[in-house]
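Structure first, commentary second.
Reckoned from all heavy atoms, side chains included, excluding hydrogens, waters and symmetry mates. Note that the coordinates shown come from a computational prediction; the quantities given were computed from them, not determined experimentally.
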Amino acid sequence: MREAQFLKQNAEKWKLYEAEIKLHKNPDKLAERFVELTDDLSYSKTFYPGSNTTKYLNGLASLFHQKIYKNKKEKSPRIWSFWQFELPFLFRHYHRQFAYSLLFFLVFCFIGAISAKYDESFIRLILGDGYVNMTNENIEKGDPFGVYKSNGSLNMFFSIAFNNIYVAFTAYVLGAFLSVGTIWLLLNNGLMLGSFQYFFFSKNLGFKSIPVIFIHGTLEIWAIVIAGAAGLILGNSILFPGTHSRGVSILKGGRDGLKIVFGLVPVFLTAAFLESFVTRHTDMPLVLSLIILGGSLVFITWYFILYPVRLHNKIKTSLQENADTTNSQNFTQWLNKKLSSEKQGI
């Protein structure tokens with residue numbers, strides 16, 4: 001890529017970052033910007049060593065470094081800042097990967113349901129003979145969801161939480177196989193959910209199963225989709241490095257994907273708690289079940305979709321409004337001169 005094109009692609013971002021360093025007091029946000037600047041600086045050093053672009057980025061990165069250590073003390077705990085700001089920004093930044101992961105999962109669920117409908121042996125192939133036979137026995141006893149009462153609540157909680165967290169990290173790691181591994185895991189889980197739900201609908205228990213199973217399933221399934229997105233982020237960083245070197249791209253994608261999976265741990269713990277201590281009460285009032293299910297949907301919609309968009313737009317608007325009042329004239333003059341020189345072939 002020519003240096004002029006590199007400048008055009010990133011000039012506005014650098015202007016905003018130069019303005020942001022005077023506005024932000026949050027060390028976590030400054031650290032995030034600092035990492036992105038060092039990525040750009042690494043690319044510039046590789047392809048334009050000794051250029052003014054490299055010198056400028058080196059200076060700007062140094063300012064961020066100084067600002068970070070100057071404001072090292074935080075008013076709020078680091079862990080709270082992670083879930084309040086850093087994680088939502090990642091959700092907004094990788095919204096396409098989340099959409100792809102959800103689309104893959106829904107398609108695989110549909111395939112699982114259709115396959116179960118037209119092939120009776122498919123359900124046993126996916127869910128296993130043991131589970132199908134046990135559920136059939138429970139249905140005959142008048143307790144179709146008795147599987148959720150089969151073990152002690154505490155043991156069930158630890159077992160489910162460990163398994164789901166393990167699956168999430170596996171979905172992320174499998175992204176290293178050019179995203180194919182992650183898609184394969186989404187395929188397995190999608191086929192399982194699709195055939196599982198069709199099994200209950202075929203027994204005329206489909207609508208009754210929803211307020212029972214999705215008390216915990218709403219959070220659990222969504223978290224698996226997000227974990228799939230983390231795997232796609234890692235895979236795409238290998239396949240599509242963009243303006244960065246492939247090594248830098250992999251490090252960035254791997255780091256961001258790992259943060260997303262780590263951020264899902266409380267969601268999995270909550271889902272495991274609901275499945276172990278709440279779902280087993282299959283005779284609870286329908287209204288209470290719908291309140292829990294609805295609360296999960298509201299949380300997912302707000303934290304994973306609405307809040308990240310709102311936070312991103314708020315910061316962007318604030319930076320744009322204040323960009324003209326900051327001292328970025330030197331950079332603007334240098335950039336305009338550089339781009340003008342490139343156009344004239346100098």
Can you pull out every side-chain hydrogen bond (donor to acceptor under 3.5 Å, both in side chains) where at least one residue sits in residues 217-235? Sequence neighbours excluded, please.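 Only Asn164-Glu220 qualify under side-chain hydrogen bond (donor to acceptor under 3.5 Å, both in side chains).
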
Scan residues 174-189 for pairs that pass side-chain hydrogen bond (donor to acceptor under 3.5 Å, both in side chains), counting only residues two or more places apart or in two chains.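 Sorted result for residues 174-189: empty, none.
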
May I ask you to check whether Tyr43 and Phe6 place their ring centres under 6.0 Å from each other?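 Yes - the distance between ring centres of Phe6 and Tyr43 falls below the 6.0 Å cut-off.
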
So, Phe145 versus Phe200, ring centres under 6.0 angstrom or not?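 Yes, the ring of Phe145 comes within the 6.0 Å limit of the ring of Phe200, centre to centre.
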
Run the salt bridge (Lys or Arg N to Asp or Glu O under 4.0 Å) test against Lys203 and tell me which residues pass, sequence neighbours left out.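 Once residues adjacent in sequence are excluded, Lys203 has no partner under the salt bridge (Lys or Arg N to Asp or Glu O under 4.0 Å) criterion.
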
With sequence neighbours excluded, what pairs up with Lys208 under the salt bridge (Lys or Arg N to Asp or Glu O under 4.0 Å) test?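 Expected list: none.
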
Enumerate, atom names and distances included, each donor-acceptor pair closer than 3.5 Å involving a side-chain atom of residues 295-305, sequence neighbours excluded.
from   : atom 1 : to     : atom 2 : distance (Å)
Ser296 : OG     : Ile292 : O      : 3.2
Thr301 : OG1    : Leu297 : O      : 2.9
Tyr303 : OH     : Trp83  : O      : 2.6

Partners passing ring-ring contact (aromatic ring centres under 6.0 Å, His included) against Tyr148 (at least two apart in sequence or in another chain):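 With sequence neighbours excluded, Tyr148 shows a ring-ring contact (aromatic ring centres under 6.0 Å, His included) to His216, given in chain and number order.
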
What residues, two or more places apart in sequence or in another chain, satisfy ring-ring contact (aromatic ring centres under 6.0 Å, His included) together with Phe177?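 Residues passing ring-ring contact (aromatic ring centres under 6.0 Å, His included) with Phe177: none at all.
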
Could I get the full list of side-chain hydrogen bond (donor to acceptor under 3.5 Å, both in side chains) partners for Asn151, not counting sequence neighbours?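 If we apply the side-chain hydrogen bond (donor to acceptor under 3.5 Å, both in side chains) test to Asn151, skipping adjacent residues, there are no hits.
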
Partner set under side-chain hydrogen bond (donor to acceptor under 3.5 Å, both in side chains) for Lys45, not counting sequence neighbours: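 Result, side-chain hydrogen bond (donor to acceptor under 3.5 Å, both in side chains) vs Lys45: none returned.
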
Counting only pairs under 3.5 Å, give me each side-chain donor-acceptor contact of residues 104-115, with atom names and distances, residues two or more places apart or in other chains.
from   : atom 1 : to     : atom 2 : distance (Å)
Ser115 : OG     : Ile111 : O      : 2.7

Could you identify which residues cluster with Leu239, counting Ile, Leu, Val, Met, Phe, Trp and Tyr as linked when any side-chain heavy atoms lie under 4.5 Å apart, either directly or through a chain of such contacts?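 Via sub-4.5 Å side-chain contacts, Leu239 links to Leu178, Ile238, Phe240, Ile250.
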
Under 3.5 Å, which donor-acceptor pairs link side chains of residues 130-137 to any protein atom two or more places apart or in another chain?
from   : atom 1 : to     : atom 2 : distance (Å)
Asn133 : OD1    : Arg124 : NH1    : 3.0
Asn133 : OD1    : Arg124 : NH2    : 3.1
Asn133 : ND2    : Asp129 : O      : 3.1
Thr135 : OG1    : Tyr131 : O      : 2.9
Asn136 : ND2    : Val132 : O      : 3.2

